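Naming: A, B, ... by sequence-line order, numbering from 1 per chain. Keep in mind the model is a prediction, meaning the values are calculated, not measured.
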There are 2 protein chains.
Amino acid sequence: MSAEPRTPLTRDRVVAAAVGRADAAGLDGLSMRALADELGVVPMALYKHVANKGALLDAMVEALFVEIGVRDASADWRGWLRRRATEVRGALRRHPWANGIMETRAPGPVNLRHHDAVLGCLRGAGFAFADAIHAYSLMDAYVYGFAAQEAALGFARPSDAGEAASRRAASVPSSDGLPHLAELVRLLPASGYDPDVEFAWGLDLLLEGLERRLASRR
Amino acid sequence: MSAEPRTPLTRDRVVAAAVGRADAAGLDGLSMRALADELGVVPMALYKHVANKGALLDAMVEALFVEIGVRDASADWRGWLRRRATEVRGALRRHPWANGIMETRAPGPVNLRHHDAVLGCLRGAGFAFADAIHAYSLMDAYVYGFAAQEAALGFARPSDAGEAASRRAASVPSSDGLPHLAELVRLLPASGYDPDVEFAWGLDLLLEGLERRLASRR
DNA sequence: TGCACTAAGTGTACGCCGTATACCGAGAGG
DNA sequence: CCTCTCGGTATACGGCGTACACTTAGTGCA
């Protein structure tokens with residue numbers, strides 16, 4: 001019945017527990033105190049491994065980039081970008097708490113390697129310096145924007161979409177004068193809405209557009 | 001020297017002051033207590049006009065949609081969408097605090113009219129129900145994603161871009177193995193980077209893509 | 001004229017939060 | 001054996017959102 005030795009705290013253990021807690025309870029549900037509790041430790045013990053909560057968030061984002069991984073270069077730049085975009089979106093779906101902070105936290109080394117790899121893919125595809133930046137900005141804006149949208153609407157399965165739409169509609173006094181929104185609420189449940197399809201639709205449009213830009217510059 | 005009558009508190013005054021404070025100090029700098037102070041009132045007085053801080057945030061987002069306004073329909077759907085996107089981005093630039101919360105807060109009536117108008121524009125342009133939703137999702141993802149990116153990078157003038165890039169680069173131990181990022185840091189300052197151009201580049205690509213989709217479905 | 005009722009603003013207090021600071025015990029190195 | 005470092009602890013401070021009970025000023029009606 002005596003105290004078992006208890007595996008020692010590590011920076012990695014702290015970060016992993018933080019990610020787990022944020023997955024389950026959201027960013028608001030992640031407090032240093034609750035996290036310490038979960039690790040069977042007093043709150044201030046965390047500060048021996050992380051400078052402060054901001055640094056913990058930095059580390060969590062970096063952990064997410066590690067989870068995503070950095071893909072090897074490929075001759076098929078469109079496929080490469082598509083796979084990367086899909087993976088980032090998947091990660092943000094598994095870890096919705098990351099949505100607001102992916103771009104705001106201080107970047108870690110893997111994060112930077114990520115950026116470098118994307119830029120490298122675009123330059124390798126033939127984009128000029130300025131166009132590569134444009135393309136990069138466009139892709140990231142779409143992926144992060146879509147993921148944020150998805151997290152905000154808060155449904156994962158196609159069948160939930162209609163339910164979510166009605167919930168939103170119900171929270172508003174009247175849909176008078178909103179014919180298209182009313183149509184959406186009416187038709188969406190039966191339309192077999194699928195967020196994967198939605199994401200791919202936009203992604204295809206983007207990649208096609210990029211290819212055209214590339215072709216026209218050559 | 002006696003107390004002047006002091007203009008009475010109003011929900012609108014509270015919301016306006018909150019927007020002002022968030023503009024100046026960010027969302028983190030917006031506390032009920034500081035806001036009350038600014039209004040020369042005790043914190044709890046605010047609760048006579050707003051249910052709680054969440055409701056205040058809802059109202060702030062709604063105020064932002066009011067500021068943006070709902071544009072009248074137009075035959076030129078591309079121009080309409082471009083103007084709207086530009087205006088939304090402009091609003092998010094003036095009020096960076098709104099970046100994380102535009103889509104997550106409970107929507108108010110003007111917000112909904114906004115959505116309805118966009119959907120109406122797309123349906124009017126000839127997009128089928130499902131494609132209109134796809135297009136909508138794509139446009140919003142881009143606009144909000146771009147604005148978030150812009151806010152995260154945190155520079156407004158083209159000339160600041162290089163400085164921001166170096167700052168980011170300096171915060172990282174070494175750029176070894178990051179040739180493209182290194183190139184970016186080296187070339188960006190002199191490249192005359194302009195966020196307006198950046199935004200327009202992606203927006204044009206999007207609208208072009210949408211037009212193609214529209215043409216091919218007809 | 002008086003009186004109840006309402007709505008706006010106040011005061012106090014509670015339980016969270018992040019974290020500064022001082023402390024303590026165990027193991028390591030001389 | 002003594003000191004030093006390092007991981008974990010205890011206590012405490014100031015700030016947060018807000019529940020609850022209160023005063024006070026105005027209003028409608030008898």
Atom pair distance, as rounded to whole Å: [atom1] in [X] and [atom2] in [N]:
X	N	atom1	atom2	result
Leu46(A)	dA20(C)	CG	P	13 Å
Asp37(B)	dT10(C)	CG	P	11 Å
Arg11(B)	dA8(C)	CZ	P	13 Å
Leu35(A)	dC16(C)	CG	P	17 Å

- Message: Strictly below 4.0 Å, N to O, side chains only: are Arg89(A) and Asp196(A) in salt-bridge contact?
- Response: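 Salt bridge flag = yes for Asp196(A) with Arg89(A).
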- Message: What verdict does the side-chain contact (heavy atoms from CB on, under 4.5 Å) test give for Met102(A) and Phe65(A), after you've listed the backbone C-alpha separation in whole Å, the side-chain angles of each residue and the deciding distance to 0.1 Å?
- Response: CA-CA 9 Å; Met102(A) 285 288 273; Phe65(A) 275 102; 3.7 Å; yes
Show me the donor-acceptor pairs, under 3.5 Å and distance only, between side chains in residues 27-46 of chain B and residues at least two apart or in other chains.
from     : atom 1 : to       : atom 2 : distance (Å)
Ser31(B) : OG     : Ala34(B) : N      : 3.0
Glu38(B) : OE1    : Arg21(B) : NH1    : 3.1

- Task: Go through the structure and list residues passing ring pair (Phe, Tyr, Trp, His ring centres under 6.0 Å) with His180(B), not counting sequence neighbours.
- Result: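 His180(B): no ring pair (Phe, Tyr, Trp, His ring centres under 6.0 Å) contacts found.
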- Message: For Tyr47(A), give me all partners under ring pair (Phe, Tyr, Trp, His ring centres under 6.0 Å), at least two apart in sequence or on another chain.
- Response: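 Residues passing ring pair (Phe, Tyr, Trp, His ring centres under 6.0 Å) with Tyr47(A): none at all.
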- Message: Strictly below 4.0 Å: does His49(A) bring a side-chain N or O up to OP1 or OP2 of dC6(D)?
- Response: no
Can you name the side chain to side chain contact (heavy atoms under 4.5 Å, CB included) partners of [X], sequence neighbours left out?
X	answer
Ala200(B)	none
Ala91(B)	Leu64(B), Ile68(B), Arg94(B)
Arg71(A)	Trp80(A), Arg83(A), Glu87(A)
Asp23(A)	Val19(A), His95(A), Trp97(A)

Please produce a list of atom pairs where a protein N or O lies less than 3.5 Å from an N or O of nucleotides 4-6 of chain C.
none

Can you name the atoms? Protein N/O to nucleotides 17-19 of chain C N/O, anything below 3.5 Å, with the distance.
from    : atom 1 : to       : atom 2 : distance (Å)
dC17(C) : OP1    : Ser31(A) : OG     : 2.9
dG18(C) : OP1    : Met32(A) : N      : 3.2
dG18(C) : OP1    : Lys53(A) : NZ     : 2.8
dG18(C) : OP2    : Met32(A) : N      : 2.9
dG18(C) : N7     : Arg33(A) : NH1    : 2.3
dG18(C) : O6     : Arg33(A) : NH1    : 3.1
dG18(C) : O6     : Arg33(A) : NH2    : 3.4
dT19(C) : OP2    : Tyr47(A) : OH     : 2.9
dT19(C) : OP2    : Lys53(A) : N      : 2.9

- Message: Show every side chain to side chain donor-acceptor pair (under 3.5 Å) that has at least one partner inside residues 48-58 of chain A, sequence neighbours left out.
- Response: Asp58(A)-Arg105(A)
Pairwise N/O distances under 3.5 Å, protein to nucleotides 23-29 of chain C:
none

Please list, one pair per line, the donor and acceptor atoms closer than 3.5 Å that link side chains of residues 137-148 of chain A to other protein atoms, with sequence neighbours excluded.
from      : atom 1 : to        : atom 2 : distance (Å)
Ser137(A) : OG     : Gln149(B) : OE1    : 2.8
Asp140(A) : OD1    : Arg84(A)  : NH2    : 2.8
Tyr142(A) : OH     : Phe199(A) : O      : 2.9

